[in-house]
Amino acid sequence: MHNVASVSASLGSVGLLRLFGVSWSWTLAAGLGVYLGTRSWKYFYIAARTAKRDLNGLYVLLRVKVALWRYMRNGSNIPSIFAQTVKLHPNKPALIYEATGETWTFTQLDELSNAVAHWARGQGLVSGDVVSLFMESRPLQVALWLGLAKVGVEAALINFNLRHDSLLHCLGVSGSRAIVFGAELADAMLEVNSSVSQSILRFCTGEISTEHLANLGSQHLDPLLASAARYPPSPCSPPKNMNDRLFYIYTSGTTGLPKAAIVVHSRYYRIAAFGYFAFRMRPDDIIYDCLPLYHSAGNIVGVGQCLIHGLTVVVKKKFSASRFWEDCIKYNCTVVQYIGEICRYLLSQPVRPSEKGHKVRLAVGNGLRPSVWEAFTERFGVAQIGEFYGATECNCSIANMDGKVGACGFNSRILPNVYPIRLVRVDEDTMELVRNSRGLCVPCRPGEPGLLVGRINQQDPLRRFDGYANQDATRKKIAHNVFKKNDSAYLSGDVLVMDDFGYMYFRDRGGDTFRWRGENVSTTEVEGILSSLLCQTDVAVYGVAVPGVEGKAGMAAIVDTTGSFECNSFLQKVQQALPPYARPVFLRISPHVDTTGTFKIQKTRLQREGYDPRLTTDQIYFLNARAGRYEAVEEELYNAITEGKVFFIS
């Protein structure tokens, strides 16, 4: 408010002096004087340091907003925008499938998606119906959801790693009328086939035996598409616009069963467009997309550049650290995508000549740890990191447009209301919002961790929140009376920290931070440090409850595939790198840790099993701080800990 008052006073003085005929030079000097008299010099210093960045951000914001307004006014949608791209680049390669080397031009992709549209109508599918897609990444997956969208049918993009209950849950929550699955996942389908409603149509793509198809009660999709018409289908009625549903993308399920996030046409456009303009992509760029196409990073940030902006995208079936740079050289890629731990996996690879022989200038993604950032750019010679923050469904995405190491984005300190997002105080144990005497949320000061929230405005395509297929899940992500009385805001569930210049840094996913010996412990920060100490090994850090002890003790699950982990040398490194309260009290040495399909470490099972040696064959250790060593947790020591007979010191 003080900022607004200062600007208002300054502008008011300028207007008043000009009204009385005072010259511009004296008027501006007086206006500046009034402004500085009501503001601190620190504010002026911040404005000078961040003006270029903020103006660039404003330019990108306005460019995307104007384009969206034009498309909404014209009644456009993603298929119609793609049709414009096809006219501009009919014979240009659109998608290249790395697994086979097959290239699809924009015309070929358009014609195959037309065939999908005619096939869908031939099966009795109508606008508003849902079809689940369950397959490993391939260009056909893009043609399928795009073709379905041409006749108003919505795809549900299912994680190809899911099995049993999780797979059935995703099929059920979307209300699918049909499922298309890859032949490589036929066994996974067979496991749940008897539990899937017989009313759901089943189609398989890829090489599969007639016997297998019969056991699944499935039809072979490939010959059906081969015989379908290739001309554009007649539009669905009523026609779909930018505010209608395009498809569903499921949350990663790091904290429970996946939720089906609704992606409307305008959301697809804005995510792709922000990536293009914020990170200064070029029309002749070739993108290496090794991320799963059931995820927004692979299917929107990556493939979206093909459909919206006419870039060529190389689709990788599955990420391979050993083949990454060779693929980039083979296909002349200039942009690569990463997510989660991919950059760390690449750093853990032995040095190869190919890692410096590529043409990659930009790496786009999220989840790049600050401890890995500079090592990645220096070793692989990648000039620009395009780090961003944003969930598929959120309305508070941010981007690091100027390469500030470690930051996932920014918000202007000078004009914060241009993009109405905030960090607000929460109780980090319960994630409950902290409110002031007026019942409103309390904004965080620079350096103070807080929950990222975004003001909701359903009339603004940049501010809307479409939620999930499940309405209860949608309601849980909305808070009221946040910025002002009677407003509503999206709750990201993530804790970030903002510095004096408005740069934001990811701290933890909500609920991951824990308190030990009166101090807050950031699992993300500790994971990064421990991983660096162990030569980029997979590490999961989490808090575990200890009976009779306040807070949660830190526990680290460490991957050891060779059986060479040595507790004493590890403890020596930890004592030098971490303060006492952040040092892991418990260790779990495991051949692997669970990860999501987007390379995020899953901690749900680890937290549930805790340090109980009866629940795992992994070796568990306890830090005996008095003796200065880690000791193996056998049943006797476990019982002593749970009975409160072991003394914990920080």
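Here the structure is a predicted model, which means the values were calculated and not measured.
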*Answer whether the closest heavy-atom distance between the side chains of Val364 and Phe388 falls below 4.5 Å.*
yes
| said: Over 60° means perpendicular and under 30° means parallel, so tell me whether Trp145 and Phe247 are parallel, tilted or perpendicular. | reply: perpendicular
Under the 6.0 Å and 45° cation-pi test, does Arg344 pair with Phe376?
no
**Study point:** Main-chain N/O of Val541 paired with Lys603 side-chain donor or acceptor, under 3.5 Å
**Key:** yes
d(Ile96 CD1, Tyr331 OH) to nearest 0.5 Å is 7.0 Å
To the nearest 0.5 Å, atom CG of Leu415 lies from atom CG of Leu58 at 8.0 Å
- With a 3.5 Å cut-off and no angle check, do the side chains of Asp494 and Tyr389 form a donor-acceptor pair? yes
For Leu346 and Ala321 the tightest heavy-atom approach is CD2-O, 3.7 Å
Between the CE atom in Met401 and the CD atom in Gln384, the distance rounded to the nearest 0.5 Å is 11.0 Å
For atom CZ of Arg438, is the number of surrounding heavy atoms from other residues, nucleotides or ligands below 6.0 Å larger than 12?
no
| task | Determine, step by step, whether Arg464 and Arg270 satisfy the side-chain contact (heavy atoms from CB on, under 4.5 Å) criterion, reporting the C-alpha distance in whole Å, the side-chain angles of both residues, the deciding distance to 0.1 Å, and the verdict. | result | CA-CA 12 Å; Arg464 61 182 292 145; Arg270 80 168 178 82; over 6 Å; no
Before you tell me yes or no, could you show the steps for Met498 and Arg413 under side-chain contact (heavy atoms from CB on, under 4.5 Å), namely the whole-Å CA-CA distance, both residues' side-chain angles and the distance that decides it to 0.1 Å? CA-CA 10 Å; Met498 182 176 69; Arg413 293 293 313 282; 3.7 Å; yes
Any Tyr268 side-chain heavy atom under 4.5 Å of Val303 side chain
yes
In short, Tyr345 meets Ser348 closest at the heavy-atom pair O-OG, 2.7 Å
SG (Cys444) and CG (Leu423) are apart, to the nearest 0.5 Å, by 5.5 Å
#### Entry: Ser137 (side chain) donor-acceptor with Leu293 (main chain) under 3.5 angstrom
yes
Inset, instruction - Go through the steps for Leu362 and Arg280 under the test side-chain contact (heavy atoms from CB on, under 4.5 Å), then give the verdict. - result: CA-CA 9 Å; Leu362 169 64; Arg280 301 178 296 283; over 6 Å; no
**Message:** I'd like to know if the side chain of Asn470 reaches the main chain of Ala473, judged simply by a donor and an acceptor atom lying under 3.5 Å from each other, with no hydrogens or angles considered.
**Reply:** yes
Checklist entry - Under the 3.5 angstrom rule, does the side chain of Asp289 hit a backbone N or O of Val314 as a donor-acceptor pair? => result no
Heavy-atom closest pair (Gln305 atom, Val301 atom, distance to 0.1 Å) is NE2-O, 3.0 Å
On the ring face of Tyr490, is Arg463 found with NZ or CZ under 6.0 Å from the centre and within 45° of the axis?
no
How are the rings of Phe324 and Tyr288 set to each other: parallel, tilted or perpendicular (split at 30° and 60°)? perpendicular
Test item: Pro139 and Val142 side chains (from C-beta on) under 4.5 Å apart, heavy atoms:
no
| said: Closer than 3.5 angstrom, by distance alone: can the side chain of Gln337 be matched with the main-chain N or O of Ala297 as a donor-acceptor pair? | reply: yes
Can you check whether Asn395 reaches Leu462 side chain to side chain, under 4.5 Å on heavy atoms?
no
**Asked** Is Val336 close to Cys328 at the side-chain level, that is, under 4.5 Å between some pair of heavy atoms?
**Response** yes
Between the OG atom in Ser488 and the CD1 atom in Ile456, the distance rounded to the nearest 0.5 Å is 4.0 Å
Exam field: side chain Thr312 to backbone Pro93, donor-acceptor pair closer than 3.5 Å: yes
Distance under 6.0 Å and angle within 45° of the ring axis: does Lys92 meet both against Phe106?
no
Ring-plane angle category for His309 and Tyr269, please: parallel below 30°, perpendicular beyond 60°, tilted otherwise. tilted
Determine whether a donor-acceptor pair (N or O, by modelled atom type, separation under 3.5 Å) exists between the side chain of Lys359 and the backbone of Thr334.
no
- prompt: Is the shortest distance from a Lys or Arg side-chain nitrogen in Asp466 or Arg245 to a carboxylate oxygen in the other one below 4.0 Å?
  reply: no
| query | Hey, are the side chains of Asn56 and Arg53 touching, using non-hydrogen atoms and a 4.5 Å cut-off? | reply | no
| said: Working note: Asp110 + Lys150, criterion salt bridge (Lys or Arg N to Asp or Glu O under 4.0 Å); need CA distance, chi angles, decisive distance, verdict. | reply: CA-CA 10 Å; Asp110 185 41; Lys150 289 184 175 183; 2.7 Å; yes
For residues 447-455, which side-chain N or O atoms pair as donor and acceptor with protein atoms under 3.5 Å away, sequence neighbours left out?
{"from": "Glu448", "atom 1": "OE1", "to": "Arg445", "atom 2": "N", "distance (Å)": "3.0"}
{"from": "Glu448", "atom 1": "OE2", "to": "Arg425", "atom 2": "NE", "distance (Å)": "2.8"}

**Prompt:** With the threshold set at 4.0 Å, does a side-chain nitrogen-carboxylate oxygen contact exist between Glu387 and Arg369?
**Reply:** no
Residues passing the salt bridge (charged side-chain N to carboxylate O under 4.0 Å, His left out) test with Arg49, sequence neighbours excluded, are none
Shortest non-hydrogen pair, Asp427 vs Val434, comes out as N-CG2, 3.9 Å
When every non-hydrogen atom of Phe483 is compared with those of Ala489, the smallest separation belongs to CE1-CB, 4.1 Å
Validation row: Leu496, Cys408 side chains within 4.5 angstrom (heavy atoms)
yes
Check whether any side-chain heavy atom of Pro461 lies under 4.5 Å from a side-chain heavy atom of Met72, and answer yes or no. yes
So OH of Tyr503 and CG of Asn400: to nearest 0.5 Å the spacing works out to 7.0 Å
Checklist entry - Is the backbone N or O of Glu527 less than 3.5 Å from a side-chain atom of Ser531, with the two atoms forming a donor-acceptor pair by type? => result no
Which of Thr85, Leu307, Val86 passes side-chain contact (heavy atoms from CB on, under 4.5 Å) with Leu109? Answer is Leu307
Check your understanding: Sub-3.5 Å donor-acceptor pair from the side chain of Asp244 to the main-chain atoms of Asn241, do we have one?
Key -> yes
Review point. Do His358 and Val382 pass the side-chain contact (heavy atoms from CB on, under 4.5 Å) test, and can you show the C-alpha distance, the side-chain angles, and the key distance before you say yes or no?
Key: CA-CA 9 Å; His358 56 80; Val382 177; 4.3 Å; yes
Taking His295's backbone N and O only, do any of them form a donor-acceptor pair with Asn299's side chain (distance below 3.5 Å, no angle check)?
no
Taking every heavy atom of Leu246 against every heavy atom of Ala149, the minimum-distance pair comes out as CD1-CB, 3.6 Å
Residues at least two apart in sequence or cross-chain that pass salt bridge (charged side-chain N to carboxylate O under 4.0 Å, His left out) with Asp460, listed by chain then number, are Lys65
